[in-house]
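To start, the structure under review is shown below, and the notes come after it.
As the structure lists them, so they are numbered: ligands from 1, and atoms in each ligand from 1.
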Amino acid sequence: MEKSLPNSAKVVVIGGGVAGCSVAYHLAKFGWKDTILLERDQLTSGTTWHAAGLVGQLGATATITKLRKYSLNLYKELEIKTGLSTGLKQNGSVTVASSKARLQELLRQATAAQLFDVNVEVVDQKKIKELYPVINNEDLYGGVYIPNDGQADPVGVTNVLAKAAKMEGAQIFEKTPVKKILVKDGRIIGVETEFGKIDCEYVVLATGMWSRQIGEDIGVSIPLYPNEHFYIITEPINDLPKNLPVLRDYNNCLYLKEDAGKMLVGIFEPNAKNAFKDKGIVPDDFSFGEFPDDFDHFEPYLEKSFYRLPFLEKAGVRKFFSGPESFTPDTQYLLGETAEVKNLYTCCGFNSIGIVSSGGAGRVTAEWMINGYMTEDLYSLDIKRFQKFHSSKKFIMERVTETLGDLYGMHWPYKQHQTSRNQKLLPYHEELKNAGACFGQSGEYERPMWFALDNSKPEYEYSFNYQNWYPSVAHECKNTLENVGLYDLSPFSKYDLKGEKVYEELQRLCTANIKNEIGKCTYTHMLNEAGGIETDLTVICLDKNYYRIVSSAAV
Ligand SMILES: Cc1cc2nc3c(=O)[nH]c(=O)nc-3n(C[C@H](O)[C@H](O)[C@H](O)COP(=O)(O)OP(=O)(O)OC[C@H]3O[C@@H](n4cnc5c(N)ncnc54)[C@H](O)[C@@H]3O)c2cc1C
């Protein structure tokens with residue numbers, strides 16, 4: 001098949017799902033018109049086509065809430081601009097809490113959402129029944145109602161973004177798989193397709209669940225892996241109230257949406273199932289694909305849905321759906337430039353909230369590329385937070401069985417993952433254990449977070465309030481002040497800088513006066529181009545113009 005692809009472009013966006021189309025739109029809108037998007041098959045043929053289409057604004061973190069709110073407004077705005085429909089229906093959402101801790105978390109998230117003018121109402125048990133008359137509310141402590149939330153058609157959203165991208169000057173080519181990303185001297189120089197080579201300055205990987213494999217080909221670590229994600233659609237239900245809000249019941253791992261007289265019931269369970277488990281590889285030709293039913297896996301959660309919405313027990317199941325979606329080691333997206341290749345950006349790893357996230361994620365990706373640095377606090381989403389081991393199959397395939405459930409799990413402060421542990425042990429791990437260490441994972445290491453006192457159990461008792469380990473830390477601080485303490489910095493990231501101008505550059509970048517004396521160390525902030533704080537770290541002078549930077553402990 002012949003195709004007239006350009007020989008060169010400023011940016012090649014790879015992947016025509018909702019994320020890639022959003023990046024292409026924003027780049028072109030912000031002035032980088034010479035942007036082309038290459039899609040292996042058809043737009044939406046990866047994960048996007050089968051999404052449930054929930055568009056809720058409240059995220060686990062303030063950063064994510066901000067991006068989600070932007071997406072919702074963008075989709076409305078682009079409907080007008082393009083004349084196409086996203087199928088957006090703003091029937092609101094109700095999220096309920098059947099434990100006190102859950103209510104506390106919802107209230108915290110609602111407070112953060114107000115920063116971005118998201119209209120969130122805190123509702124009690126009675127009000128929940130008014131908003132959702134068919135709910136069993138007897139065990140509920142309360143919840144939150146977001147009147148402007150809703151649902152959309154994922155294919156409609158993608159088509160709207162694609163048309164808007166073209167209207168801004170970007171070009172989109174379907175049936176054009178990228179065979180190879182071309183890198184020279186650690187920098188992007190182009191891509192190769194079966195229709196020829198395209199020289200380019202930048203590549204954006206918006207390749208969803210394929211991204212880990214594509215990165216691996218060129219030595220770039222992209223830690224994500226797909227799980228099977230399940231929902232069912234019932235037969236039409238008589239007398240089902242119309243325009244019910246979307247219902248989220250995090251304690252029971254459920255989301256429920258009314259759709260044209262039927263109900264869609266989806267789950268985020270704590271014991272997720274890897275997709276493509278046998279080989280650990282996403283096939284190149286997987287398009288508009290789904291997996292066979294696994295009713296045994298789904299059934300416990302279906303039972304829970306019967307408790308919450310008793311009328312479901314009598315409803316027949318019209319469709320059981322299982323499709324792949326990629327998850328990351330910490331249930332946060334992967335954005336920004338990769339550590340390994342200059343001008344290679346990622347916009348992937350959406351952990352099942354890609355439809356509602358992509359508007360915002362596309363905007364910040366475009367801004368990041370055009371400015372050369374992030375223009376708002378996106379550290380929690382920056383792909384550079386991860387290291388090589390995070391994308392090894394051994395680590396990521398096990399970890400994502402946990403992180404799918406974390407989407408609806410409690411987002412406790414200091415929460416430690418249970419999976420993919422014991423990757424790297426300190427040589428005296430057993431001694432630490434015998435001394436009562438409670439371990440956490442940091443930079444691949446099992447690291448003692450604190451030591452239990454008085455033979456108590458070295459285990460976190462998670463809470464948003466007083467932490468059970470505060471007395472241990474008080475004890476350590478006092479002991480270090482009055483006696484002596486030994487701190488192992490193995491899990492911390494270290495960078496050695498050598499060269500003629502190292503001292504001069506450090507003085508330019510750091511707020512403290514860097515000690516230029518062998519063996520001396522300086523604790524300091526390091527700044528970015530805008531004078532904002534990038535991080536705090538320790539700079540040690542090892543020799544003349546030879547410094548070691550020890551930055552904070554890695555993920
Ligand atoms: C069952 C289910 C329900 C969901 N429900 C919701 C929901 O209610 N709300 C929500 O916000 N999210 C939901 N999601 C998540 C959402 O669907 C995804 O997060 C989102 O679609 C990811 O979009 P993407 O563009 O990153 O990936 P994709 O849609 O997979 O796009 C990646 C594209 O890259 C292309 N590609 C890959 N390799 C190449 C190559 N070498 N060359 C060129 N192109 C390539 C693929 O063909 C594909 O089209 C759901 C997911 C599932 C599985």
Nearest neighbour in protein (non-hydrogen) for [atom]:
| atom | value |
| --- | --- |
| atom 42 (N) of ligand 1 | Val178 N, 2.9 Å |
| atom 32 (C) of ligand 1 | Ala206 O, 3.4 Å |
| atom 14 (N) of ligand 1 | Ser352 O, 3.6 Å |
| atom 28 (P) of ligand 1 | Thr47 N, 3.6 Å |
| atom 44 (N) of ligand 1 | Arg40 N, 3.0 Å |
| atom 36 (N) of ligand 1 | Thr207 CG2, 3.8 Å |
| atom 21 (O) of ligand 1 | Thr48 OG1, 2.9 Å |
| atom 49 (O) of ligand 1 | Glu39 OE1, 2.8 Å |

Donor-acceptor pair, distance only, cut-off 3.5 Å: does the side chain of [X] make one with the backbone of [Y]?
| X | Y | answer |
| --- | --- | --- |
| Lys257 | Ala52 | yes |
| Tyr225 | Ala275 | yes |
| Ser420 | Phe395 | yes |
| Thr82 | Lys163 | no |

- prompt: Going by heavy atoms, is Met209 under 4.0 Å from ligand 1?
  reply: no

task: Using non-hydrogen atoms of the residue, decide whether Gly323 is closer than 4.0 angstrom to ligand 1.
output: yes

Taking heavy atoms and a distance under 4.0 Å, where does [X] meet ligand 1: side chain, backbone, both or neither?
| X | result |
| --- | --- |
| Leu38 | backbone |
| Trp49 | neither |
| Pro324 | backbone |

message: Walk me through whether Phe268 and Asp406 qualify under side-chain contact (heavy atoms from CB on, under 4.5 Å).
response: CA-CA 8 Å; Phe268 286 107; Asp406 280 347; over 6 Å; no

message: Classify the ring geometry of Trp32 against Tyr202: parallel below 30°, tilted from 30° to 60°, perpendicular beyond 60°.
response: tilted

